[in-house]
Novice: 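After the structure tokens below, expect a handful of questions from me.
We name chains A, B, ... by the order of the sequence lines, and we start the count at 1 in each one. Bear in mind that the values here come from a model prediction, so they are computed numbers and not experimental data.
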2 protein chains.
Amino acid sequence: MSDSCFVVRLNRYLALTAGEMKAVSALERDPKEYPSGSVLWQEGDDVSELLIVHHGWAHSETRPPNGKRQILRFHFSGDLIGAAGIAFRDAASSIVAATDMVVCRFPRKALGETFIHHPRLAALFFSMSQMESIDLADRLRAIGRSEGKARLANLFLSIAARMRAVSGESNPVVRIPLTQSDLGDAVGLTQVHVNRLIRQMTEEKLITRNRSTVTLLDEPRLIEISRFVDRFSAIDTSWFPAARA
Amino acid sequence: MSDSCFVVRLNRYLALTAGEMKAVSALERDPKEYPSGSVLWQEGDDVSELLIVHHGWAHSETRPPNGKRQILRFHFSGDLIGAAGIAFRDAASSIVAATDMVVCRFPRKALGETFIHHPRLAALFFSMSQMESIDLADRLRAIGRSEGKARLANLFLSIAARMRAVSGESNPVVRIPLTQSDLGDAVGLTQVHVNRLIRQMTEEKLITRNRSTVTLLDEPRLIEISRFVDRFSAIDTSWFPAARA
DNA sequence: CGCTATCTTGATATGAATCAATAGCTGTGG
DNA sequence: CCACAGCTATTGATTCATATCAAGATAGCG
């Protein structure tokens, strides 16, 4: 079971003990498949579970009344979904599969158990889910205070950084299975405007986009215009409690 | 020491045991005063502490290269600051006092101790800091997908909701010690435009603003235009581990 | 009693939305 | 294997929200 991408991911941050490993596997029972487009849960649902993504992409989205949509965050292999909403019964956003997915669900209660028996894992989950806050904050800065091209650049870089953090590689070609509407809803722009911006960025040789593949041609300039900071490579474990037998 | 607003706040969510209470007080040693305008820490600083706000207002802000500023979140009495950044050594945002403040600092390491000895407190801290994610997500939706007036309405309502959650009252008059520039930087608009919007909102009898006092005159309509959802009143503790002696 | 930060207001410029129409793909069924 | 249906992307014309620039007007503060 140690081929779980979630365990692999955790291990990248912190060498897990056998006991911890076992505790994590216990959360990953019974993976289920969901076809692209599935709604894993819906804004407002009474949610009592967390999800671990084994395979595929999802995003969290929320729908303001005006029929619009804001995509808050993307989730992929090795991600834990739902921590952000743990304080509330009702989901603050929907989770929608952007590709076919394999996902494990486990009850919140199991997280409580983990807090008792594996404080170090608790600290790790705590940290990982705080990365989500930081990611949101970065998106907020991008959307609140920069113009379209920079927002897109920021989004592409941040997705690439997260995928690289999981995979360990650093490929300039990134599979981003999103339509122009999706991209627009993620950065607060219209699909039409996204289209124009992508054309511009292509002309300026910043990126290339071909179906669901985006190639980052000029990362230095992308970073420059979006002032992107990669925060996903490592986490600070210095304050963690010691491992327990 | 149980008159600490932080303990009061925690107790509102969960009846703390004597032991837990004591553990919390241990984090609240040695309150310090900071005058309005102080920078509690700066974006990029190597931060190894967390802050508990006893008194006053602060905000987290971040500065994109273009000289602009994005205010991410406001912090007041009973708030725990810094959890979001716990995964990283370097602060992702600055913390600036908006009024005179009284603040306790404690080291991250102490949080690790708490995770070992008080799993239920760990769960509570976890939940509380996840509210921050949700708050950011809400702001993101507002900024990404609604127009100026709705953004401001959303901000006012969310500040009011948070303050009410702490105070227990539900006063339509809210002290918001922020300039128009601050407001603009929080919702991604210009100070000038904020000014015009506030004038409009005043004409429409939605709010009244007088120095640092904002009065919500017509909350139903404010809620309607901003589609605000109050999530701060309670948290789901059903999954928490049992209290420990 | 000035000084400086904040707020107000107007004129103009611009990024992005909206509306609208067309073109390309992709998959599906006959 | 073709034709059609239905997404997705492209492009142009126009409108609108918000930014920018610029000058005063207020008002708290030392």
Novice: Separation of Gln200(A) atom CD from dT10(D) atom C1', in whole Å?
Specialist: 14 Å
Novice: Applying a 4.0 Å non-hydrogen cut-off, can you work out what Gly184(A) is touching in the nucleic acid: base, sugar-phosphate, or nothing?
Specialist: nothing
Novice: Which value, rounded to the nearest 0.5 Å, describes the distance between Arg73(B) atom CZ and Ser93(B) atom OG?
Specialist: 11.0 Å
Novice: In this structure, how many angstroms lie between the P atom of dA9(D) and the CG atom of Asp185(A), rounded?
Specialist: 12 Å
Novice: Measure CG/Leu183(B) against P/dC7(C) and give the value in whole Å, please.
Specialist: 8 Å
Novice: Does a side-chain N-to-carboxylate-O contact under 4.0 Å join Arg145(B) and Asp185(A)?
Specialist: yes
Novice: Charged N to carboxylate O under 4.0 angstrom, Glu43(A) versus Arg141(B)?
Specialist: yes
Novice: Quick one: CZ on Arg162(A) to CG on Asp135(A), what's the gap to the nearest 0.5 Å?
Specialist: 5.5 Å
Novice: Atom NE2 of His193(B) to atom C1' of dT6(C): distance rounded to whole Å?
Specialist: 19 Å
Novice: Can you label the angle between the His59(A) ring and the Phe74(A) ring as parallel, tilted or perpendicular, going by 30° and 60°?
Specialist: perpendicular
Novice: Do Thr62(A) and Leu140(B) have side-chain heavy atoms sitting under 4.5 Å apart?
Specialist: no
Novice: Provide, to the nearest angstrom, the distance between the CG atom belonging to Leu178(A) and the P atom belonging to dC7(D).
Specialist: 18 Å
Novice: Please say which of Ser77(B), Ser36(B), Pro177(B) ends up in a side chain to side chain contact (heavy atoms under 4.5 Å, CB included) with Trp57(B).
Specialist: Pro177(B)
Novice: Determine the sole option in Lys32(B), Arg105(B), Arg108(B) for which the salt bridge (charged side-chain N to carboxylate O under 4.0 Å, His left out) test with Glu49(B) is passed.
Specialist: Arg105(B)
Novice: Tell me yes or no: between the side chains of Arg164(B) and Ser170(B), is some donor less than 3.5 Å from an acceptor?
Specialist: no
Novice: Can you give me the N/O atom pairs linking the protein to nucleotides 25-27 of chain D at distances under 3.5 Å, or say none if there are none?
Specialist:
{"from": "dA27(D)", "atom 1": "O3'", "to": "Arg211(B)", "atom 2": "NH2", "distance (Å)": "3.2"}

Novice: What integer distance in Å separates Asp182(B):CG from dC7(C):P?
Specialist: 8 Å
Novice: Could you please name the option among dA9(D), dT18(D), dC7(C) that lies closest to any side-chain atom of Thr179(B)?
Specialist: dC7(C)
Novice: Could you run down nucleotides 8-14 of chain C 5' to 3' and tag each one B, S or - for protein heavy-atom contact under 4.0 Å?
Specialist: BBBB---
Novice: With Leu183(A), which of Leu197(A), Val194(A), Val214(A) fulfils side chain to side chain contact (heavy atoms under 4.5 Å, CB included)?
Specialist: Val194(A)
Novice: Rounding to a whole Å, what distance do you find between Leu197(A):CG and dT10(D):P?
Specialist: 12 Å
Novice: Using a strict heavy-atom distance below 4.0 Å, which residues from residues 138-150 of chain B are in contact with DNA chain C?
Specialist: none
Novice: Taking atom types as modelled and ignoring hydrogens, do the side chains of Ser133(B) and Glu132(A) form a donor-acceptor contact shorter than 3.5 angstrom?
Specialist: no
